[in-house]
Number of protein chains: 2
Amino acid sequence: MSSIREVSKRAGVSIATVSRVLSNRGYVSEAARVAVLRAAEELHYIPNVMARGLKTKRSGLVALLVPQIVSTYFVYAARGIEDVANKNGYHLIICNTDDSLEKQRAYIDLLIGSSVDGVIVASVNRSPRPLQPLLQRDIPVVLVDRFVDDFPADIVRGDSINGMKTLTEHLLDLGHRRIALVNGDMETYPARDRLVGFQAALRERGIVGDDRLVTHGTWLVQDAERRVDELIRRKVPFSAVLGANSFMSVGAMRALRRHGFAVPGDIALAGFDDVEIASDLDPFLTVLTQPVYTMGSFAMNMLLERMNESYSGPPRDVVLAPWLIVRRSSGARVSVDEEA
Amino acid sequence: MSSIREVSKRAGVSIATVSRVLSNRGYVSEAARVAVLRAAEELHYIPNVMARGLKTKRSGLVALLVPQIVSTYFVYAARGIEDVANKNGYHLIICNTDDSLEKQRAYIDLLIGSSVDGVIVASVNRSPRPLQPLLQRDIPVVLVDRFVDDFPADIVRGDSINGMKTLTEHLLDLGHRRIALVNGDMETYPARDRLVGFQAALRERGIVGDDRLVTHGTWLVQDAERRVDELIRRKVPFSAVLGANSFMSVGAMRALRRHGFAVPGDIALAGFDDVEIASDLDPFLTVLTQPVYTMGSFAMNMLLERMNESYSGPPRDVVLAPWLIVRRSSGARVSVDEEA
DNA sequence: TCCCTGTGTGGAAACGTTCCCCTCATGAGC
DNA sequence: GCTCATGAGGGGAACGTTTCCACACAGGGA
């Protein structure tokens, strides 16, 4: 509506002076400063972000690329990121890739075209290729949750290997020997690492795993459900199920319920990633939980350091330890649910 | 990186021609079209959104203003909005207001400055004032969930009055007479309407409510928890609790658990809004659920119609009916959890 | 032959900022 | 009285697009 030109007219100074006042740099007399501020206020002046961005090549925008914001995992990470971003004058734009390479590519192009100042991404796969255009244009990138091969960027992630090992051991301790692992997309490191942790736990106890009990596919609920359903229909015996994330656990639960299995009565269940609100209402699922909000804020802080170049050393790899919360679904004797 | 000028050089045509090809308007020969497309491809040209926006005064951006994206309610609405937006060439930017007027104002200024093409908002309060700047600049607005007084905009919302009436009747049918209502912010219509529905249900059954049993405050979990806690400590008797949304229910549940009350054994609990993933894992909370994703897509469709001016009639008020899902927490005899 | 219409194309003016570069007081130091 | 540093502020180019306008050319109708 009203532009800097009108503010300058009303304040009786030049455009340049208005710009100096508003961006707080250069020499400006107190009288001019007051006049400009008053004029801007009176006209309810709002600077044009696009004009500014065109000139400065900066947008004040930071983007988060995630598979699915409808996931307690990513939505809390998003809050962690946003809170830190806002506190530093940046705004967050969230993009759902739905784990589609094509969607991710389209978003990256859009973000580049929008002169986004930094990107935090849980990439669709392990390949550095899709993310290369960002680095080529010197847009700082921080990875979250998912490692990417040979990609020189900071990353913050959970310890999937040891986490899944802990989770598996929990079920082994309860006497389970035939445990089904409902994994996600093997094109992503979390899935690969969780498999590694699972196998390590079995190996250390001298248990020979049954390959049929390890399934993988997409990170979608329906896919997990279908796979567990198939396991049951093919009569592959198992006494416990492990979900590689909350979607996998939910899918497994659906299939189990459909076939009339009681949890934990007939089949024990545990999974990676907590579903906060669910456990708040009715502590049910035994989980390996990760400090998601913290992961988000760490990621954003590292991104900030890259953006303002206060750090330009080698890529940092921040691994945050998850922890086990035992609830009913795994069938352990639990006295109290020790929530924070 | 590479601009339209470089594309024009490589294609051997003028900038104007490149623009015409890329935006698909005006006369362009087939030869020129092919040359431009090839040059753009080879240079991996990405149009500069800011330059374009500066000129056209449009950004291709649609914004969603919500109190909290970390709420199953709003996150699913956001997906509904985003899916429709993307399908129509728009991108969504999500802004958390945390129910703070100040934050909302800051975001609205930012959005105006960014030439956002449309806004969907669940406003912090019922006043039209904070939203006025958008209309003044002819930025289409659609309200979602929360009605705003005397504000000429389309709205899509749930039927809070009848919804809460249904929910209350459910508890009354189970024999409860002293029901505590844990409400949210009375500066918002959902809270007011839910109170109206609650009182209507009591009145129709000829029950005299106890004012002490109706509490309200913010929409935060901790606040609800504190209020229920106080109710218990002050020894106000009640046999059932009603949460005005999922945060209120969670807060209530926390307080009840802390005081050692079993749900539904000692106290029955039911609430507005489903917590999808929770119920998927372990059907616990009796809820009045709303078609949230649909609400989002409806809202976005209405916004699109306003943006491309295919509809410019009077404000539409779309009220979507919620429905009751009875689960364990209310203490009714439930055989199967009839999820879709 | 002349004019007109339909195509195809390029030049150049915006859009609203930022910021470099210039000018101009003023006053201290010699 | 002169220079020079410093504070204050204006002019105008540039950012990368879109789009208006002018122009050129071909071919058809009078």
Side-chain angles (χ1 to χ4, degrees), chain A residues 1-37 39-40 43-61 89 109-117 137-138, chain B residues 1-37 39-40 43-61 89 109-117 137-138:
Chain A
M1 187 142 270
S2 54
S3 71
I4 197 174
R5 142 166 277 106
E6 291 158 59
V7 176
S8 78
K9 285 225 185 79
R10 177 175 266 255
V13 297
S14 75
I15 290 181
T17 301
V18 176
S19 176
R20 270 190 290 261
V21 171
L22 265 21
S23 59
N24 235 9
R25 79 181 81 237
Y27 297 114
V28 187
S29 67
E30 194 48 33
R33 150 164 279 107
V34 170
V36 166
L37 257 21
L43 292 171
H44 197 67
Y45 168 69
I46 300 176
N48 182 315
V49 171
M50 310 215 134
R52 173 179 297 173
L54 177 59
K55 187 70 188 124
T56 62
K57 299 181 165 324
R58 298 165 16 77
S59 59
L61 250 39
D109 279 4
L110 173 81
L111 295 173
I112 290 173
S114 308
S115 315
V116 79
D117 296 335
R137 287 166 180 81
D138 287 320
Chain B
M1 186 145 273
S2 55
S3 73
I4 198 174
R5 145 166 274 106
E6 290 159 59
V7 176
S8 79
K9 284 226 185 81
R10 177 176 266 255
V13 298
S14 75
I15 290 180
T17 302
V18 175
S19 176
R20 271 189 292 259
V21 170
L22 264 22
S23 59
N24 235 8
R25 77 181 81 239
Y27 295 114
V28 186
S29 67
E30 193 49 32
R33 153 163 276 108
V34 171
V36 166
L37 256 21
L43 292 171
H44 197 65
Y45 169 68
I46 299 175
N48 182 314
V49 170
M50 310 215 135
R52 173 179 299 172
L54 177 58
K55 188 71 187 115
T56 63
K57 296 176 168 329
R58 301 167 12 78
S59 61
L61 250 39
D109 279 3
L110 174 80
L111 296 173
I112 289 173
S114 308
S115 316
V116 80
D117 296 335
R137 287 166 179 81
D138 287 319

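So that the names make sense, note that chain A is the first sequence line, chain B the second, and so on, each numbered from 1.
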Inset, instruction - Under 4.0 Å between any heavy atoms, over every strand shown, what does S19(B) touch: base, sugar-phosphate, or nothing? Just pick one. - result: base
Inset, instruction - Remember a base hit wins even if backbone is also touched, and classify R20(A) as base, sugar-phosphate or nothing at under 4.0 Å, heavy atoms. - result: base
Inset, instruction - Counting heavy atoms from C-beta on, name the nucleotide in dC19(C), dT17(D), dG16(C) closest to the side chain of N48(A). - result: dG16(C)
Inset, instruction - Could you tell me the separation between the CD1 atom of I15(A) and the P atom of dG11(D), rounded to a whole number of Å? - result: 9 Å
Legend entry - Closest-nucleotide ordering on DNA chain C, the 5'-leading residue of Y45(A) and E30(B): E30(B)
Inset, instruction - Starting from P on dC15(D), measure out to CD1 on I4(A) and report it in whole angstrom. - result: 19 Å
Inset, instruction - Side chain of A16(A) only, please: which of dG11(D), dG16(C), dT19(D) is the nearest? - result: dG11(D)
Inset, instruction - Could you tell me whether the side chain of T56(A) and the main chain of R58(A) form a donor-acceptor pair under 3.5 Å? - result: yes
Legend entry - Value in whole Å for how far the P atom of dT17(C) lies from NZ of K57(B): 9 Å
Legend entry - S115(B) side-chain N/O to K57(B) backbone N/O, donor-acceptor pair under 3.5 Å: no
Inset, instruction - Please determine, for the side chain of Y27(A), which listed nucleotide (dA8(D), dT18(C), dT18(D)) has the closest atom? - result: dA8(D)
Legend entry - Close side-chain approach of V13(A) and R20(A), heavy atoms under 4.5 Å: no
Inset, instruction - Using a 4.5 Å cut-off on heavy atoms from C-beta on, say whether the side chain of R52(B) contacts that of N48(B). - result: no
Inset, instruction - Quickly work out the R5(A) CZ to dG10(D) P distance and round it to whole Å. - result: 13 Å
Legend entry - OP1 or OP2 of dG16(D) under 4.0 Å from side-chain N/O of S3(B): no
Legend entry - Minimum side-chain heavy-atom gap N24(A)-R33(A) below 4.5 Å: yes
Inset, instruction - Would you indicate, yes or no, if dG9(D) has its OP1 or OP2 atom less than 4.0 angstrom from a side-chain nitrogen or oxygen of S29(A)? - result: yes
Legend entry - Which residue lies more 5' along DNA chain C, comparing A51(B) with T17(A) via nearest heavy atoms: A51(B)
Inset, instruction - Among dT9(C), dT19(D), dG16(C), find the nucleotide with the atom closest to the side chain of L54(B). - result: dG16(C)
